[in-house]
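Scroll down for the structure; my scribbles are underneath it.
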Amino acid sequence: MYHLLINREKLNIAKILKSGQVFRYEVIDGKGYILIHKLNYVFVEENKHGYVFHCSEEEFINIWYIYLDLERDYVRINQIIIDKDKRLTKVIDEFEGMRILKQDQFEMLITFIISQSKSIPQIRKLVNNLAVCYGEEIGYVYGEKIYSFPTAQHLQQLTEDDYRTMKFGYRAAYLYEAVKWSINLNKDMNSLSDIDLKQQLVSIKGVGNKVVACVMLFGYGRHNTFPIDVWMKRIMLQLYESEIRKELKNPEVKNIRDSQIESYGLKLYGETAGIAQQYLFEYGRNI
DNA sequence: TCCCAGGTAGATC
DNA sequence: GATCTACATGGG
């Protein structure tokens, strides 16, 4: 058992799990949390001093330290973001300990394809169904069976109709395509530039700008991305509409495009855009 | 019954 | 290049 005494200013698991970036985890009331990554899971006990990871030190360093993005200096990044916009001071302070998880790339691709036009509880349900039906049983904690998320190989056997039977609706064809694409991958996507990676991902049918940005941010650790969904659009227009309009060829247009909001976010927040986006998302949800 | 939910592709102008 | 709409399903 690895005792890691880490304060909640640096790591706040409750806030991370509620931040909308991760869909597979368990909260054990009054005791702690279960985190899941590939074929690994860990029970993280919460006490007044901090967190205790119920795993070896080796596993903590090799898996959970990376998953939780603990190497990155969020204090420095938070200050950069506040310098860009002082209005985020309060939400960053209240959301202290939030981090961008580095999750499984295939899981992110599938999860965010599923996410289109679905509420967060519905996404969790569909994604968990997939894990229960096609993942592997990897553990048993506090009466909960823990499943891994299926790999592309696990899902290779499924037809489009199988996904429809599982209530994925029109996303069925997209899921089928994404699995096929993943099976046929023959190069290391991690070595690609942001632009090339984006180009590859967006070539999958059913994968557009928003899903690509989420996969790049939460799966590939590309923090220079700024996903625009309905929430972000509302928040960004509320905070920056006049500034965004100044950048447009025709500042009088009725509808501002997602890509224009994305450009502004990337320009303003640069390498911290992905993290800024999480704070903005939280800022908007609390209005 | 109607409307919306962490969107996207395809048609149309 | 901008705008409109169908696409499945579930929940309020």
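Worth saying up front: this structure is predicted, and the values here are computed from it rather than measured. Residue numbers begin at 1 in each chain, while the letters A, B, ... track the order of the sequences.
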| Do the ring planes of A:Tyr240 and A:Tyr264 sit parallel (below 30°), tilted (30 to 60°) or perpendicular (above 60°)? | tilted
| note | Rounded to whole Å, the CD1-C1' distance (A:Ile113 to B:dG7) equals 11 Å
| Under 30°, 30 to 60°, or over 60°: which ring-plane class applies to A:His37 and A:Tyr67, parallel, tilted or perpendicular? | tilted
| query | Taking atom C1' of B:dG7 as reference, at what distance in whole Å does atom NZ of A:Lys205 sit? | reply | 15 Å
| query | Should we say atom CD of A:Glu160 is surrounded by more than 12 heavy atoms from elsewhere, each under 6.0 Å from it? | reply | yes
| said: Ignoring hydrogens and geometry beyond distance, is the side chain of A:Tyr174 in donor-acceptor contact with the base of B:dG7 at under 3.5 Å? | reply: no
| Rounded distance in Å - CG (A:Asn209) to P (B:dT8) | 7 Å
| To the nearest Å, how far apart are A:Lys210 NZ and B:dA5 C1'? | 12 Å
| task | Could you check how far CD of A:Gln116 sits from P of B:dC4, rounded to whole Å? | result | 18 Å
| query | To the nearest Å, how far apart are A:Met232 CE and B:dG7 P? | reply | 13 Å
| query | Start at the 5' end of DNA chain B and walk down; is the nucleotide closest to A:Ile204 or to A:Pro227 reached first? | reply | A:Pro227
| message | Rounding to an integer number of Å, can you tell me how far A:Ile228 CD1 sits from B:dG7 P? | response | 12 Å
| note | Counted 5' to 3', the first and last nucleotides of DNA chain C within 4.0 Å (strictly under) of a heavy-atom of chain A are C:dA2 to C:dG11
| message | Just the rounded figure in Å: distance from C1' of B:dT8 to CZ of A:Phe168. | response | 17 Å
